[in-house]
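Everything on this sheet refers to the single structure shown next.
Just so it is clear: chains get the letters A, B, ... in the order the sequence lines come, proteins before strands, and each one is counted from 1. If you're wondering where the values come from, they're calculated on a predicted model, not measured in any experiment. Below, all heavy atoms of this structure are taken into account, side chains as well, without hydrogens, waters or symmetry copies.
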Amino acid sequence: MFPLDLLSGSAPVPDAAHASPLLAHLNEEQLAAVTLPAGHALILAGAGSGKTRVLTTRIAWLLQTGQATPGSIMAVTFTNKAAKEMLARLSAMLPYNVRGMWIGTFHGLCNRMLRAHYQAAGLPQAFQILDTQDQLSAIKRLCKQFNVDDERFPPKQLMYFIAGCKEEGKRPGDIEAIDPDTKKKVEIYQLYEEQCRREGVVDFGELMLRSYELLRDDVHLRQHYQRRFQHILVDEFQDTNKLQYQWLKQLAGNEVGGRYASSSSVIAVGDDDQSIYAFRGARVGNMADFIREFEVRQQIKLEQNYRSYSNILDCANALISHNSNRLGKNLRTTQGPGEPVRIYEAPSDLAEASWMVDEIKQLVKNDGFTRQEIAVLYRSNAQSRVIESALFNAAIPYRVYGGLRFFERAEIKHALAYLRLLENPHDDTSFMRVVNFPARGIGARTIELLQDAARSSGCSLSDAVTAVGGSAGTKLQGFVAQIDVLREQTQGRTLREIIETVEEQSGLIEHYRNEKEGADRIENLQELVTAAESFVTQEGFGRDAVALPLDEQQGASLLNQSPVSQGLDSNLPLLDEALKPPVGTVASMVNADTGETLSPLQAFLVHAALEAGDNQAQAGQDAVQLMTVHASKGLEFDAVFIGGVEEGLFPHENAMMDRGGLEEERRLAYVAITRARQRLYLSHSQTRMLHGQTRYNVKSRFFDELPEEALKWITPRQSGFGTFAPNSGAYGAYGAKGSEQFGSNSGWGGKSEVFASPPVPQQKAQPSHGIKAGLKVFHNKFGEGKVLAVEGTGDDARAQVSFGRHGTKWLALSIAKLTVVD
DNA sequence: TAGCTAAGGGTTTTT
DNA sequence: CCCTTAGCTA
């Protein structure tokens with residue numbers, strides 16, 4: 001579809017590059033990508049093709065060959081994890097400190113830019129960042145204040161609306177609202193913005209949007225950064241949203257007649273087949289737009305896979321080939337076919353889990369797999385429960401990814417709220433969070449009075465306490481006084497001392513000491529102190545910026561040599577911190593206009609908001625890894641189980657609603673499959689407990705899209721058809737031992753329906769229509785389907801029927817003609 | 001104001 | 001089925 005132009009007509013690669021040990025062991029595709037000549041380029045990096053290696057090696061190569069200086073490079077990633085990995089690999093390759101370089105997440109870099117130019121951006125110097133929780137509570141507060149009907153406008157929905165608008169680059173004034181509902185939402189969006197400005201806070205979307213607007217509207221700043229960043233590298237480009245792409249365009253250079261014909265190079269690295277975040281605003285279309293708008297001539301495909309055996313890759317390739325509008329890519333390996341992909345059909349989710357456990361036991365005992373190299377992946381979190389309990393009962397250590405992260409925990413948020421109030425008493429979100437925690441006898445009524453007072457005088461809650469009379473007012477003033485005392489007490493103390501004092505004096509520690517489940521929370525509060533401590537040392541606080549270690553001096557001199565600086569507008573008061581001697585990330589906290597630095601506490605609060613911390617629970621030793629398919633992206637394991645590969649679940653029924661939903665589900669399956677190095681299991685279950693009721697699922701259509709030659713069905717033959725003895729609730733678990741002797745490409749559980757219809761749940765009264773959950777029925781339009789549930793009686797009776805390809809539908813039995821199939 | 005009970009709602013998720 | 005939240009009562 002697009003011309004693949006491998007280095008043809010390109011500038012000669014500097015000689016030094018060939019001699020460089022950096023480039024050793026790169027394959028042809030990788031080498032081409034690493035040594036791309038200046039100019040915009042797209043690298044289509046397949047799963048397991050060494051994408052991160054290419055990115056980091058490219059940066060190192062640019063620096064080593066003198067084509068770039070550290071200050072002229074910007075590398076953007078999506079997650080902190082990816083940014084950290086890039087930094088770690090780079091610092092291993094380069095002889096100097098890389099922390100001053102502009103390598104980070106979109107939000108991290110926007111934050112850095114806004115800190116440096118807070119005045120131009122119209123922000124207070126020490127603006128705080130709202131995470132999603134904070135944002136929601138801010139919206140709830142606002143809705144209460146302005147009597148917004150939370151039935152018609154649920155705060156969550158308003159939050160999605162506002163975040164969505166910002167991701168599209170839209171301010172309230174940019175939205176064309178015709179219907180009254182949208183008009184109201186825009187009005188609330190406007191009020192929310194005013195509230196944020198009053199309180200001196202920004203949400204995640206605001207970081208991005210404000211930074212974009214700053215570049216768009218300030219020609220000097222824009223030109224400065226455009227001249228500076230000669231090399232822009234973007235990771236996971238398929239996950240960028242509209243605003244992020246626009247932001248990149250501002251940095252990329254001068255738009256001439258709709259084209260980005262600047263001297264800088266934008267290298268976008270991504271994989272359209274692994275785009276799984278459309279639901280949160282990611283636009284795969286940015287890849288095609290990038291090719292068109294930047295007139296990309298250099299496209300390189302990294303298709304050599306270093307992860308999996310070919311049976312696994314054949315499955316992945318075959319599956320994804322069913323998608324349309326792909327940029328086109330086929331993974332290959334030199335590793336040979338390896339083992340077949342095993343497919344298992346279970347009678348129930350319980351049996352599926354218990355089969356997994358047996359199989360895992362075998363893998364560890366007989367096949368030499370380590371537990372931490374075994375992953376169980378699932379489409380939705382709800383599936384983890386059965387698997388967890390099966391693993392738990394078998395005493396197999398496991399670790400579940402996802403859930404609350406460290407800085408999102410309630411006790412941590414409470415402590416942070418106190419800390420934020422020390423910095424900014426007008427932070428009403430933080431005020432509300434802790435004004436009555438631990439309990440101080442300040443209840444809803446008092447808060448209402450306070451909010452009324454604050455609104456009528458247009459001030460913050462903290463300033464309004466004197467306006468509330470009576471004992472309520474006394475209590476409120478007591479709280480504010482307590483914060484003031486804390487601020488006084490912690491003046492000039494180290495970060496560690498500040499946090500310890502706050503945790504103790506606020507009464508948080510005491511409160512959790514009296515709570516029965518409080519021990520963990522106290523431990524976390526102590527962990528917060530530790531986290532702050534390592535933040536201070538790692539990030540370079542407390543060090544004398546003048547006494548730079550040798551590596552940093554080298555880095556500094558390199559940075560100062562930057563030829564880019566000559567092109568910069570010296571009349572601008574701005575100075576990029578990376579052009580000055582770097583002091584770790586602290587440098588990013590230097591305010592370029594005034595030279596002021598954020599205090600360690602301020603910087604730590606920014607860090608806490610921007611990086612929610614580890615996403616994984618107890619870092620147990622050698623544990624089986626459990627996670628959603630989404631969470632598995634970017635990871636790899638020796639053995640992978642993908643459970644619940646069923647219609648309605650994977651592909652998920654809700655995903656089928658929106659356009660392109662099925663294709664995103666398929667990409668999701670593609671991501672899941674390509675996680676496996678050696679062994680891959682796909683399983684589906686005939687019955688599954690969901691929302692308290694048993695559902696009958698047919699196996700996923702994705703099975704039909706896999707190549708038979710690479711598969712092996714391992715469902716054991718049952719003694720007769722008694723698997724579904726009517727009214728029997730429990731199904732025995734199957735031992736994996738010897739199960740494979742039944743495996744064949746066309747055998748049990750394959751293309752043919754093996755098991756009889758599911759059992760009919762026992763019912764007290766038989767409805768007259770004769771439709772019952774579990775029955776197989778026929779519909780003139782949708783064909784054969786399975787009844788999942790029946791509701792109501794008489795003319796109101798309706799049934800939920802899963803029609804496979806046509807999805808799951810609710811049908812009124814008085815209207816729809818359903819006939820029962822044997 | 002705090003603690004309990006009923007009701008509602010339940011893809012996927014990073015910053 | 002199970003968790004979160006809202007509303008109600010002591």
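- Proximity of A:Glu664 to A:Leu668: side-chain heavy atoms (C-beta onward) are nowhere separated by under 4.5 Å.
- B:dT12 takes the anti form, because its glycosidic angle lies more than 90° either side of 0.
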Protein-nucleotides 10-12 of chain B N/O pairs closer than 3.5 Å?
| from | atom 1 | to | atom 2 | distance (Å) |
| --- | --- | --- | --- | --- |
| B:dG10 | N3 | A:His691 | ND1 | 3.4 |
| B:dT11 | O4' | A:His652 | NE2 | 3.4 |
| B:dT12 | OP1 | A:Asn381 | N | 2.6 |
| B:dT12 | OP1 | A:Asn381 | ND2 | 2.9 |
| B:dT12 | O4' | A:Arg379 | NH2 | 3.1 |
| B:dT12 | O2 | A:Arg379 | NH2 | 2.7 |

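- Rounded to an integer number of Å, the gap from A:Lys166 NZ to B:dT14 C1' is 16 Å.
- Mapping heavy-atom proximity under 4.0 Å, the span of DNA chain C touched by chain A runs 5' to 3' from C:dC1 to C:dC3.
- Each of A:Arg440 and A:His107 has a nearest nucleotide on DNA chain B; the 5'-most of these lies closest to A:Arg440.
- Residue side chain A:Thr132 reaches the base of B:dT15 through a donor-acceptor N/O pair under 3.5 Å, judged by distance alone.
- The interatomic distance linking A:Leu207 (CG) with B:dT14 (P) rounds to 17 Å, in whole Å.
- The side chain of A:Arg405 lies closest to B:dT15 when the candidates are B:dT15, B:dT1, B:dA2.
- Side chain of A:His630 to main chain of A:Ile276: a donor-acceptor pair is present (N/O by atom type, distance under 3.5 Å, no hydrogens or angles).
- For A:Glu167 and B:dT14, the CD to C1' distance is 10 Å, given to the nearest whole Å.
- In this entry the distance linking NE2 of A:His607 with P of B:dT15 reads 12 Å, nearest Å.
- Residue A:Tyr192 is tested with A:Arg197, A:Met159, A:Gln135, A:Arg141 for a side-chain contact (heavy atoms from CB on, under 4.5 Å); the sole match is A:Gln135.
- Atom CD in A:Glu151 sits about 12 Å away from atom C1' in B:dA7, given to the nearest Å.
- If you take atom C1' in C:dC3 and the same atom in B:dT14, they sit 23 Å apart, rounded to whole Å.
- Ring pair A:His607/A:Phe535 is tilted by interplanar angle, where 30° to 60° counts as tilted.
- Separating the CZ atom of A:Phe106 from the C1' atom of B:dT13 is a distance of 16 Å, rounded to the nearest angstrom.
- Rounding to whole angstrom units, CD of residue A:Gln693 and P of B:dG8 are separated by 17 Å.
- If you find the closest nucleotide of DNA chain B to A:Ala612 and to A:Ala444, the one lying nearer the 5' end belongs to A:Ala444.
- Across the P atoms, C:dT5 and B:dT12 are found 16 Å apart, a figure rounded to whole Å.
- Using a 4.0 Å heavy-atom cutoff across all strands shown, A:Asp239 reaches no nucleic acid atom at all.
- There is a side-chain donor-acceptor pair under 3.5 Å between A:Glu236 and A:Gln238.
- Residue A:Thr446 is classed as a sugar-phosphate contact, given heavy-atom separations below 4.0 Å to backbone atoms only.
- Using a 30° and 60° split on the angle between ring planes, A:Phe703 and A:His684 fall in the tilted class, from 30° to 60°.
- A donor-acceptor contact closer than 3.5 angstrom is absent between the side chains of A:Thr429 and A:Asp134.
- To the nearest 0.5 Å, the span separating CG on A:Leu610 from CG on A:Leu605 amounts to 12.0 Å.
- Taking A:Arg433 as the reference, nothing meets the salt bridge (charged side-chain N to carboxylate O under 4.0 Å, His left out) condition, with sequence neighbours excluded.
- Atom CE of A:Met287 sits about 9.5 Å away from atom CG of A:Asp239, to the nearest 0.5 Å.
- Put simply, CG on A:Leu404 is 15 Å from C1' on B:dT14, counting in whole angstrom units.
- Within the nucleic acid shown, A:Asn436 comes within 4.0 Å of sugar-phosphate atoms alone, with no base atom in reach, counting heavy atoms only.
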